[in-house]
Amino acid sequence: MNSKSINEKKAVKDAITLFRSEGGILRTSEAMAAGIHQETLYAMRKAGLIETMARGVNRLAELKEPGMPDLVIVARKIPRAVICLVSALSYHEITTQIPHAVEIMLPRDTGRPRLSYPPIEVHTTIPELYELGQEQHDIDGTTVRIYNVEKTLVDCVKYRNQLGTEPVIEALRLYRDRKPLKVDKLMDYARVCRVHKTLSAYLEGIL
């Protein structure tokens with residue numbers, strides 16, 4: 001075996017080690033910044049060692065199929081994105097709605113991201129509301145920002161004209177039936193988001 005083949009095998013082995021240390025998923029830019037040559041990535045794809053999840057996002061083929069690949073891709077490509085509204089309801093299992101796109105929240109001063117896949121729906125807000133109620137969840141080795149249940153419900157009330165009232169009422173009912181009721185927490189978020197009167201009216205007919 002010549003030295004070139006030895007070096008190529010070492011490069012692939014080192015790349016696999018790096019992928020594993022990062023939960024098995026890396027953006028191409030992250031891999032190259034860590035010293036993995038583009039030719040090594042190409043060779044790994046050709047050999048079936050890595051797969052392309054979306055443009056610029058690669059995963060080790062040895063991993064089990066991701067359960068929520070769209071959320072993982074969005075988190076990898078748009079690190080500041082927070083999963084919100086119907087996408088967050090779906091994650092928390094308090095909706096029967098199927099999101100047509102991954103809904104994300106960003107600070108208002110953030111440039112609008114572009115993503116070829118999956119489709120995204122971008123919402124923006126002031127920094128105080130952007131930070132409010134964020135949680136970090138590990139999904140297939142990737143840290144994904146998602147609003148907690150109560151903040152998600154309050155946001156849905158706030159965006160009720162866009163979402164429609166039926167999905168909001170359904171989500172509140174499923175929250176009542178499936179989750180620990182935290183009415184004080186709901187109302188605290190609602191006051192900050194200035195929808196406490198509307199939320200109160202909804203809750204009176206549900207709780």
Side-chain angles (χ1 to χ4, degrees), residues 23 67-115 118-207:
M68 298 181 180
D70 290 357
L71 300 191
V72 170
I73 293 168
V74 168
R76 289 282 180 167
K77 296 283 282 186
I78 314 171
R80 297 186 73 188
V82 186
I83 307 302
C84 66
L85 298 174
V86 177
S87 293
L89 291 178
S90 180
Y91 176 80
H92 292 301
E93 299 182 334
I94 51 172
T95 186
T96 61
Q97 304 289 313
I98 299 174
H100 66 275
V102 179
E103 293 180 281
I104 62 173
M105 191 72 70
L106 290 169
R108 194 163 286 168
D109 59 353
T110 306
R112 199 168 189 85
R114 294 181 180 180
L115 199 59
I120 58 173
E121 188 172 312
V122 181
H123 305 273
T124 61
T125 189
I126 59 175
E128 292 81 4
L129 297 186
Y130 164 75
E131 296 288 347
L132 190 67
Q134 279 194 37
E135 293 180 339
Q136 294 188 354
H137 294 266
D138 183 280
I139 300 177
D140 300 316
T142 294
T143 299
V144 181
R145 300 176 190 236
I146 305 173
Y147 284 120
N148 66 31
V149 178
E150 289 75 23
K151 174 59 162 44
T152 297
L153 288 167
V154 168
D155 281 341
C156 288
V157 172
K158 186 173 181 178
Y159 284 82
R160 64 193 179 281
N161 292 335
Q162 178 179 324
L163 300 177
T165 56
E166 288 186 9
V168 178
I169 292 171
E170 179 200 49
L172 287 167
R173 284 177 175 156
L174 290 173
Y175 169 70
R176 174 198 64 193
D177 296 341
R178 297 179 179 179
K179 305 289 182 181
L181 278 178
K182 299 179 181 178
V183 176
D184 289 345
K185 190 174 183 180
L186 268 175
M187 294 310 299
D188 285 344
Y189 285 140
R191 288 186 188 93
V192 176
C193 296
R194 299 181 179 180
V195 292
H196 56 287
K197 290 182 179 178
T198 304
L199 179 60
S200 293
Y202 282 143
L203 292 178
E204 282 179 11
I206 293 171
L207 299 184

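Since the structure is predicted, the reported quantities are computational estimates derived from the model, not experimental observations. What you see below is based on every heavy atom in this structure, not just the backbone, and it leaves out hydrogens, waters and symmetry mates.
A distance of 9.5 Å separates CD of Glu170 from CD1 of Ile94, quoted to the nearest 0.5 Å. The structure places CD of Glu135 at 11.5 Å from OH of Tyr147, a figure rounded to the nearest 0.5 Å. Rounding to the nearest 0.5 angstrom, the gap separating the OG1 atom in Thr165 from the CG atom in Leu172 is 11.0 Å. Separation of atoms CG (Leu89) and SG (Cys84) is listed at 9.5 Å; rounding is to 0.5 Å. Note that CD of Glu166 and OG1 of Thr96 are 10.0 Å apart. Values are rounded to the nearest 0.5 Å. We find the CD1-CD1 distance between Ile139 and Ile83 to be 7.5 Å, quoted to the nearest 0.5 Å.
Paired with Cys156 under the rule side chain to side chain contact (heavy atoms under 4.5 Å, CB included), one option of Leu163, Ile169, Leu199 passes, and it is Leu163. With Tyr189 as reference, Asn148 is the one residue of Thr152, Asp184, Asn148, Asp155 to meet the side-chain hydrogen bond (donor to acceptor under 3.5 Å, both in side chains) rule. Shown are Gln97, Lys158, Glu103, Glu121; of these, the side chain to side chain contact (heavy atoms under 4.5 Å, CB included) with Leu85 is made only by Glu103.
Taking the side chain as every heavy atom from C-beta outward, Val86 and Pro167 never approach each other to under 4.5 Å. When side chains are defined from C-beta on, Tyr175 counts as touching Lys182, because their heavy atoms get closer than 4.5 Å. Residues Val149 and Leu153 meet the side-chain proximity criterion, which asks for heavy atoms closer than 4.5 Å.
Few gaps surround CZ on Arg160; more than 12 heavy atoms of other groups in view lie less than 6.0 Å from it.
Of all the heavy atoms in Thr95 and Leu174, the pair that sits closest is N-CD1, 3.5 Å.
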